[in-house]
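Encoded as structure tokens, the structure appears first; notes follow it.
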Amino acid sequence: MTQDQRTAKVVINGRDVSVEWTDAAARELARRPRPLVVELELYFSCLVKKFVHFHDQAGERKTVAANDKLRLYFRPVTSTACSFEVAERLGRQPETDLHSAAVGRIVPKKVSLDFARGAWQGHYSL
């Protein structure tokens, strides 16, 4: 980790998650009138994929605060269908949230965020 990254620890599913963001991300967060909501999606479909989505609001989702301008939540999902036609039309398979004891033990270990070329970027490790 370089000196220009900011860090925080949050707790998701009872486990510590390290969150880091760059100076560019910190500057963009400071410009925002409300917190950025970061969705950490673990997508179980034909393959397991990790996505990071950025939102202005969390809706009904329970979030954890990394600071006053940054909130996160982890969302394991699975596809409800496996059809090329549906995926082509929607851009991906339709999904539903997963709720089980086994999935509840899965937690990101480290989240990294940046703001580059006018867009939020992020990834996480398990």
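All of these numbers come straight from a predicted model, not from anything done at the bench.
Scanning both residues, Ala66 and Ala8, for their nearest heavy atoms gives O-CB, 3.5 Å. Nearest heavy-atom pair across Ala65 and Arg71 is CB-NH1, 3.0 Å. Nearest heavy-atom pair, Pro76 versus Phe44, reported as atom, atom and distance to 0.1 Å: CB-CE1, 4.5 Å. Across every non-hydrogen atom of Arg105 and Arg15, the tightest pair is O-NH1, 2.6 Å. Shortest non-hydrogen contact noted between Phe115 and Ala24 is O-CB, 3.4 Å. Closest heavy-atom contact between Asn13 and Val103: ND2-O, 4.4 Å.
Using a 4.5 Å heavy-atom cutoff, the side chains of Asn67 and Trp21 are in contact. Residues Arg75 and Asp97 meet the side-chain proximity criterion, which asks for heavy atoms closer than 4.5 Å. A 4.5 Å side-chain heavy-atom check between Phe54 and Leu113 finds at least one atom pair inside the cut-off. With contacts defined as side-chain heavy-atom distances shorter than 4.5 Å, the pair Leu36/Trp120 qualifies. By the 4.5 Å heavy-atom criterion applied to side chains, Lys9 and Ser18 are counted as neighbours. With contacts defined as side-chain heavy-atom distances shorter than 4.5 Å, the pair Leu98/Val77 does not qualify. Looking at heavy atoms from C-beta onward, Leu40 lies out of side-chain contact with His53 at the 4.5 angstrom threshold. The closest side-chain heavy-atom distance from Ile106 to Leu42 is below 4.5 Å.
Cation-pi geometry between Lys50 and Tyr124 is met: the NZ or CZ atom falls under 6.0 Å from the ring centre, inside 45° of the normal.
Classification of the Tyr73-His55 ring pair by plane angle, with boundaries at 30° and 60°, yields parallel.
Cluster membership for Val107 and Leu126, using ILVMFWY side-chain heavy atoms within less than 4.5 angstrom, is shared. Val38 is connected to Ile12 through a chain of hydrophobic side-chain contacts under 4.5 Å among Ile, Leu, Val, Met, Phe, Trp and Tyr, so both are in one cluster. Residues Val37 and Leu70 fall into different hydrophobic clusters, defined by Ile, Leu, Val, Met, Phe, Trp and Tyr side chains chained together at heavy-atom separations under 4.5 Å.
Taking the charged nitrogens against the carboxylate oxygens, Lys109 and Asp16 have no contact shorter than 4.0 Å, which rules out a salt bridge.
Heavy atoms of other residues, nucleotides or ligands lying less than 6.0 angstrom from CZ of Arg31 number more than 12.
In this structure, Glu28 CD and Thr22 OG1 are separated by 10.5 Å, a value rounded to the nearest 0.5 Å. For the atom pair CG (Leu29) and CZ (Arg34), the distance works out to 14.0 Å, reported to the nearest 0.5 Å. Atom CD of Gln57 is separated from atom OG1 of Thr63 by 11.5 Å, given to the nearest 0.5 angstrom.
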Check the pair Glu20, Thr7 against side-chain hydrogen bond (donor to acceptor under 3.5 Å, both in side chains), reporting the backbone distance first and the verdict last. CA-CA 4 Å; Glu20 63 182 35; Thr7 63; over 6 Å; no
